[in-house]
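Starting from 1, each residue takes its place in the sequence as its number. What you see is a predicted model; the values in this text were computed from it and never measured.
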Amino acid sequence: MVAASVPVSAWAERALLPPGWTTDEQGRVLRVSFDPGARWLLGAGYAPRHGAGGAQPELAQIETGLAYRHRIDFPGEGISYKLYHRVLAGRAVAGPRSPWEIDAALYEGRFLRWSRDGSIMLPTNPPRRMLLPLNIGVEATLGRIDLAPRPAGPAAEIGVVRAELLLDLWRRRAMGSYAELGLGPRYDLRLGGDDAAAVRHVVAPFTQGSFTFHHETADGLHGVEARLSGGPALSVAERWGARAEAVVSYEAILVAVNDLPLSAYAELGYRYEGLPAPAGGVPEVRATTGLRFAVPLR
């Protein structure tokens, strides 16, 4: 048994280590679990796609971002607040014959309230209490920008604000796994395309919905996510149009170099914009695979 070869002093040292750390047979300390929601990452990958510009098999992608999550507990009340933050997260895609495309956001936040005994109170006489088997929260994105070349010319979409009311169907107090339904408003500005001087206001007045499933293993070595979002939006100067996006991704940590994780990831995505620039009403399918190097924040 491996345990028999560990010195008594190593067992004592292991008992004093924080969660996620251990010692090997020689008593050396090493990290064996990670938090994908609390890290700075830098990634690079291969990202072929097919969309408005036809097939583009030679594209490469780089990405970066700062993520942090934490939980505020009120044990006496049976309530916890789960907070997720992402700052300066984005990606850039380019190829030998393709200019840079950039999709980034200044801030993304998700706030969920977990309750041990979720309920609805009805102010009758006497008051009545009904079971509510859902966690409730909100999600918001501020300062998003999408720069992309199009057949009609360069185009940009500036996401002024996007917000959603969230209903978490997976009532877990622990962070890292959830199944959420979302619904909320969205306001974007679109510039360029067929008219370089045009500025289009695109509004989705509580017509954008989403469903997200996310799960991580307890040690953080594996993570999978599937997200579907979309709905009708109104271009103020033009018409209504459909928007839709679907993404499925998987990530696995392969090795840790000096306790800094290196992971491999794969992602498959679909996007459709029924309004003009930047996508011009042409569906886009992309596939990405690559490596991510991360610096844990805790």
Shortest non-hydrogen separation from D219 to T217 and the atoms involved
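Here D219 and T217 meet closest at OD1-OG1, 2.7 Å.
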With heavy-atom distances below 4.5 Å as the criterion, would you say the side chains of [X] and [Y] are in contact?
X: M121; Y: R129; answer: no
X: S263; Y: Y265; answer: no
X: L83; Y: R71; answer: no
X: E63; Y: L41; answer: yes
X: E180; Y: L112; answer: yes
X: V161; Y: L142; answer: yes
X: V160; Y: R186; answer: no

How many angstroms lie between atom [atom1] of [X] and atom [atom2] of [Y], to the nearest 0.5 angstrom?
X: S33; Y: W21; atom1: OG; atom2: CH2; value: 9.5 Å
X: L42; Y: F293; atom1: CG; atom2: CZ; value: 8.5 Å
X: E245; Y: E284; atom1: CD; atom2: CD; value: 9.0 Å
X: S115; Y: Y81; atom1: OG; atom2: OH; value: 9.0 Å
X: L181; Y: D168; atom1: CG; atom2: CG; value: 9.0 Å
X: E267; Y: E225; atom1: CD; atom2: CD; value: 9.0 Å

Would you please test E251 and R292 for side-chain contact (heavy atoms from CB on, under 4.5 Å) and show each step?
CA-CA 9 Å; E251 182 177 4; R292 288 172 175 156; 3.0 Å; yes
Can a salt bridge be assigned to the pair D73 and R173 using a cut-off of 4.0 Å between side-chain N and carboxylate O?
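Result for this pair is yes, salt bridge flagged.
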Return yes when atom CZ of R144 has more than 12 non-hydrogen atoms of other residues, nucleotides or ligands closer than 6.0 Å, and no otherwise.
yes
For R171, is the CZ atom crowded, meaning more than 12 foreign heavy atoms sit under 6.0 Å from it?
yes
Do R110's NZ or CZ and the ring of Y178 fall within the cation-pi criteria of under 6.0 Å and 45°?
yes
Shared ILVMFWY cluster between I158 and V199, side chains joined below 4.5 angstrom?
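Linked within one cluster.
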Taking the six-membered ring for Trp, are H215 and H222 ring centroids under 6.0 Å apart?
no
Go through I79 and R113 one step at a time and tell me if the side-chain contact (heavy atoms from CB on, under 4.5 Å) criterion holds.
CA-CA 7 Å; I79 294 173; R113 181 182 185 275; 2.8 Å; yes
